[in-house]
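Shown next, in structure tokens, is the structure this report addresses.
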Amino acid sequence: MGGCVSGDLKGGKQAIGGVHGRPTMNNDAGYNEAIERFFRDRGQSPLFTPVELSLSASNLRNLDIISKSDPMAVLYVKKMDGTLEELGRTEVVLNCLNPTWIEKINVSYQFEIVQNLVFHVYDVDTKYHNMSVKALKLNEQDFLGEATCVLSEIVTKRNRSLTLNLRGKNGPGGSKNFGTLTVHAEESCLSRMAVEMKLRCSQLDNKDMFSKSDPFLRISRLTESGKYVPICKTGVINNNLNPVWRPLYLSMQQFGSKDNPLRIECFDFNSNGNHVLIGQLHKSVSELEKLHKDRSGANLVFPTHRGQEKVLKGQLFVDQFIGKEQFSFLDYISSGFELNFMVAIDFTASNGTPRNQDSLHYIDPSGRLNSYQKAIIEVGEVIQIYDSDSRFPAWGFGGRYGGTLSHCFNLNDTNAYEVEGVQGIMAAYANALHTVTLAGPTLFGPVINTAAQLAATSNDIAKYFVLLIITDGVLTDIQETMDALVRASDLPLSILIVGVGNADFKQMEVLDADDGRRLESSTGRVATRDIVQFVPMREVHSGQISAVQALLEELPHQFLTYNRSRNIKPLRS
């Protein structure tokens with residue numbers, strides 16, 4: 001049965017044209033140009049990905065007597081409190097039960113939250129056809145059906161299309177057929193162009209008294225407001241005046257254009273945060289490319305108090321410059337890549353006896369969740385959509401299991417380490433509280449090594465592993481944990497750590513190398529990349545943004561860093 005599109009219509013009817021009636025947008029779930037400009041002017045990528053949704057329907061109900069229905073679709077996002085907030089409307093397609101709407105609706109995809117979408121389809125009464133779609137009162141139109149889904153369900157499909165059965169407001173409607181609605185998602189991306197550069201410096205000035213400088217680079221770009229804002233930085237090279245940094249990856253979203261001025265600053269790292277400027281220079285991406293082609297260096301300069309610049313003997317070289325197509329997180333996910341979720345739970349005695357109400361492991365008969373349960377659900381409900389078989393490895397550590405102290409035991413009390421879905425984790429956790437005796441000490445090494453073994457032995461290039469560790473205590477094996485993390489940094493693995501209770505979690509912040517200095521093992525090996533993200537659970541409920549959401553925000557970047565560094569491309573169908 002052929003579809004019909006509004007582009008075939010003639011006349012200046014605003015509700016029908018698909019040009020004048022732009023969709024309404026909101027700051028929470030819809031794309032907002034002002035917000036994107038805010039981030040762009042600060043040299044940052046927004047924490048969302050703008051996505052355009054195209055809608056079509058088949059076999060809609062016919063509510064008109066003489067002709068066919070005149071359908072229009074409306075998109076809502078369901079908020080945390082259950083209320084619906086409108087994101088946009090399509091145009092009206094006249095006299096059609098199989099419409100393909102032209103008007104796209106913009107949505108902001110956020111990996112770290114579950115975005116529940118609700119679609120309503122209406123038959124617009126003929127007397128309103130000269131009105132703008134924004135002005136239409138929906139309670140004056142005939143309801144044709146509704147459909148619901150989660151945004152990530154759409155973007156994880158191979159063709160980014162999802163067909164939903166429409167239903168009545170009170171449910172499926174028995175034998176009554178309301179037709180179907182198909183939703184297709186396209187990423188709104190300015191450009192896929194990116195560059196990979198390998199930078200080094202020679203003969204840097206030494207800023208340390210008893211050793212050599214620990215240099216790193218910070219790159220900033222000039223914004224429309226005339227200010228320089230940071231867009232990226234390298235890692236720190238210890239005790240070296242001729243540093244060679246790992247390849248740096250810059251997208252066009254970050255640098256704007258190849259001719260946009262960039263400021264490249266070289267600092268001597270200090271752990272107190274007071275980094276000392278060694279020197280700087282100004283070059284565009286085009287000029288950096290020319291340095292590479294000419295195999296020449298550019299002298300750093302040091303700004304003086306009178307606005308003058310002192311030319312230094314230290315130079316910057318571009319040893320590698322590769323322009324390449326940039327694939328997004330959604331490119332990988334929609335081509336068949338998956339996130340394999342794993343969880344490890346702390347059963348050390350410092351959590352308190354589970355029977356006591358002040359225990360972090362207390363299961364409230366009223367159904368109120370403890371911090372462990374909240375973390376499992378908040379992280380698990382997001383990631384499970386990206387894991388097709390929903391079979392999750394689940395372990396405990398720091399408890400006596402079968403009378404023996406274990407720092408990595410199967411949570412479900414069997415030889416099988418996997419459980420079925422997030423509810424399977426919840427059930428296995430509740431059951432383990434009756435069979436496992438809380439003990440100690442707190443060791444991460446065994447569970448990290450077990451998760452790393454799964455990631456290392458996977459033959460599927462499209463699988464990326466995510467381990468959630470929930471803990472209440474201070475680590476006893478900090479160096480062993482750091483060694484395990486450095487070894488795992490070469491693997492398709494990210495580790496999310498949630499701290500529960502009121503312990504001092506400063507140790508965890510060392511593992512989460514957000515200060516730019518990568519972890520170093522006991523043998524002196526430096527981590528290939530940062531694979532750890534940590535948040536204390538007590539911050540989850542202070543403020544509007546959940547700390548667990550903040551925990552997940554970094555995951556797409558870690559996923560991309562791994563795949564890009566190995567030149568792994570999305571699967572081709």
Stepwise, does the salt bridge (charged side-chain N to carboxylate O under 4.0 Å, His left out) test hold for Lys198 with Asp319? CA-CA 5 Å; Lys198 191 171 185 178; Asp319 286 347; over 6 Å; no

Tell me the closest heavy-atom pair linking Ala452 and Leu491, and the distance in Å. O-CD1, 3.4 Å

Can you confirm whether Leu199 sits close enough to Val318 that some side-chain heavy atom of one is under 4.5 Å from a side-chain heavy atom of the other? yes

Would you say Arg246 and Thr528 make side-chain contact, with heavy atoms under 4.5 Å? yes

Minimal non-hydrogen separation, Ala439 against Arg400, with atom names: CB-CG, 4.0 Å

Quick one, Leu222 and Leu262 - any side-chain contact, counting heavy atoms below 4.5 Å? no

Determine the interplanar angle of the Phe409 and Tyr401 rings, folded into 0 to 90°, and report it as parallel if under 30°, tilted if 30 to 60°, perpendicular if over 60°. parallel

Rounded distance (nearest 0.5 Å) linking atom CG of Leu511 with atom CD1 of Ile478: 4.5 Å

Check Lys290 against Asp294 and note the closest heavy-atom contact, atom names and distance. NZ-OD2, 2.6 Å

Qualifying ring-ring contact (aromatic ring centres under 6.0 Å, His included) pairs with a residue from residues 245-268, counting only residues at least two apart or across chains: Phe216-Phe267

Check: Asn206 side chain, Asp208 main-chain N or O, donor-acceptor pair, under 3.5 Å: yes

Please verify the inter-ring angle class for Phe347 with His361; under 30° counts as parallel, over 60° as perpendicular, anything in between as tilted. parallel

Do any pairs count as a side chain to side chain donor-acceptor pair (under 3.5 Å) and have a residue in residues 437-450, sequence neighbours left out, and if so which ones? Asn449-Arg487

Indicate yes or no for a side-chain donor-acceptor contact from Arg529 to the backbone of Ser489 under 3.5 Å, with no hydrogens or angles considered. yes

Quick one: does Asn299's side chain have a donor or acceptor within less than 3.5 Å of a partner on Leu312's backbone? yes

Do the non-hydrogen side-chain atoms of Thr471 and Ile497 ever get within less than 4.5 Å of each other? yes

Residues passing the side-chain contact (heavy atoms from CB on, under 4.5 Å) test with Thr457, sequence neighbours excluded, are Gln453

Please answer whether the main-chain N or O of Pro215 pairs with a side-chain N or O of Asn238 as donor and acceptor at a distance below 3.5 Å. no

Given 3.5 Å as the limit, does a donor-acceptor pair link the side chain of Gln507 with the main chain of Leu475, or not? yes

Quick one: does Ile345's side chain get under 4.5 Å of Tyr372's, heavy atoms only? yes

Please assess Ile470 against Ile376 for the test side-chain contact (heavy atoms from CB on, under 4.5 Å), listing each intermediate value before the final yes or no. CA-CA 8 Å; Ile470 315 172; Ile376 291 167; 3.7 Å; yes

Does any non-hydrogen side-chain atom of Phe337 lie less than 4.5 Å from one of Ile568? yes

What's the separation between atom CZ in Phe302 and atom CD in Gln308, rounded to the nearest 0.5 Å? 14.0 Å

Shortest non-hydrogen contact between Pro303 and Leu277, atoms and distance: CD-CD2, 4.0 Å

Residue pairs involving residues 457-481 (criterion salt bridge (Lys or Arg N to Asp or Glu O under 4.0 Å); sequence neighbours excluded): Glu338-Lys463

Can Lys258 and Glu289 be said to form a salt bridge (charged side-chain N to carboxylate O under 4.0 Å, His left out), step by step? CA-CA 9 Å; Lys258 291 185 76 171; Glu289 184 177 18; 2.9 Å; yes

Any side-chain heavy-atom pair of Val379 and Phe341 under 4.5 Å: yes

Answer yes when Lys310 and Asp205 have at least one side-chain N-carboxylate O distance shorter than 4.0 Å, and no when they do not. no

I would like to know whether Asp331 and Arg160 meet salt bridge (charged side-chain N to carboxylate O under 4.0 Å, His left out); could you show each step before the answer? CA-CA 10 Å; Asp331 287 330; Arg160 298 190 191 177; 2.9 Å; yes

Pair Asn370, Leu360 - check side-chain contact (heavy atoms from CB on, under 4.5 Å), show working. CA-CA 7 Å; Asn370 66 34; Leu360 294 169; over 6 Å; no

Test salt bridge (charged side-chain N to carboxylate O under 4.0 Å, His left out) on Glu520 and Arg525; report intermediate values, then the result. CA-CA 6 Å; Glu520 189 172 316; Arg525 183 187 165 194; over 6 Å; no

About how many Å separate SG of Cys232 and CD of Gln254, when rounded to the nearest 0.5 Å? 6.0 Å

Can you list the residues that meet the salt bridge (Lys or Arg N to Asp or Glu O under 4.0 Å) rule with Lys506, with sequence neighbours excluded? none

Under the 3.5 angstrom rule, does the side chain of Asn459 hit a backbone N or O of Ile461 as a donor-acceptor pair? no

Applying the side chain to side chain contact (heavy atoms under 4.5 Å, CB included) test to Cys201, which of Asn242, Leu316, Val244 qualifies? Leu316

Roughly how far apart are Ile333 CD1 and Thr156 OG1, rounded to 0.5 Å? 8.0 Å

Quick one: do Met342 and Val466 satisfy side-chain contact (heavy atoms from CB on, under 4.5 Å)? Show the steps, please. CA-CA 6 Å; Met342 308 175 284; Val466 180; over 6 Å; no

Hey, does the side chain of Glu287 reach the backbone of Ser284 with a donor-acceptor pair shorter than 3.5 angstrom? yes

Tightest non-hydrogen contact, residues Glu112 and Val382, listed as O-CG2, 3.5 Å

The test is side-chain contact (heavy atoms from CB on, under 4.5 Å); show your working for Val51 and Leu330 and say whether it passes. CA-CA 10 Å; Val51 170; Leu330 293 184; 4.0 Å; yes

Is Leu467 close to Leu496 at the side-chain level, that is, under 4.5 Å between some pair of heavy atoms? no

Centroid-centroid distance, His275 to Phe269, less than 6.0 Å: yes

Heavy-atom donor-acceptor pair, Ser359 side chain to Asn351 backbone, under 3.5 Å: yes

Atom CG in Asp387, atom CG in Leu339: separation rounded to 0.5 Å? 8.0 Å

In terms of side-chain geometry, is the basic nitrogen of Arg263 or Glu265 positioned less than 4.0 Å from the acidic oxygen of its partner? yes

Using the ring-ring contact (aromatic ring centres under 6.0 Å, His included) rule, pick out the option among Tyr562, Phe559, Tyr464 that qualifies with Tyr332. Phe559

Would a distance-only check, ignoring hydrogens and angles, find a side-chain to backbone donor-acceptor pair under 3.5 Å from Gln115 to Gln110? yes

Within the distance-only criterion (no hydrogens, no angle test), does the side chain of Ser108 pair as donor or acceptor with the backbone N or O of Thr49 below 3.5 angstrom? no

The complete set of salt bridge (Lys or Arg N to Asp or Glu O under 4.0 Å) pairs with one or both residues in residues 268-282, sequence neighbours excluded, reads none

When rounded to the nearest 0.5 angstrom, what distance separates OG in Ser565 from CG in Asn563? 7.5 Å

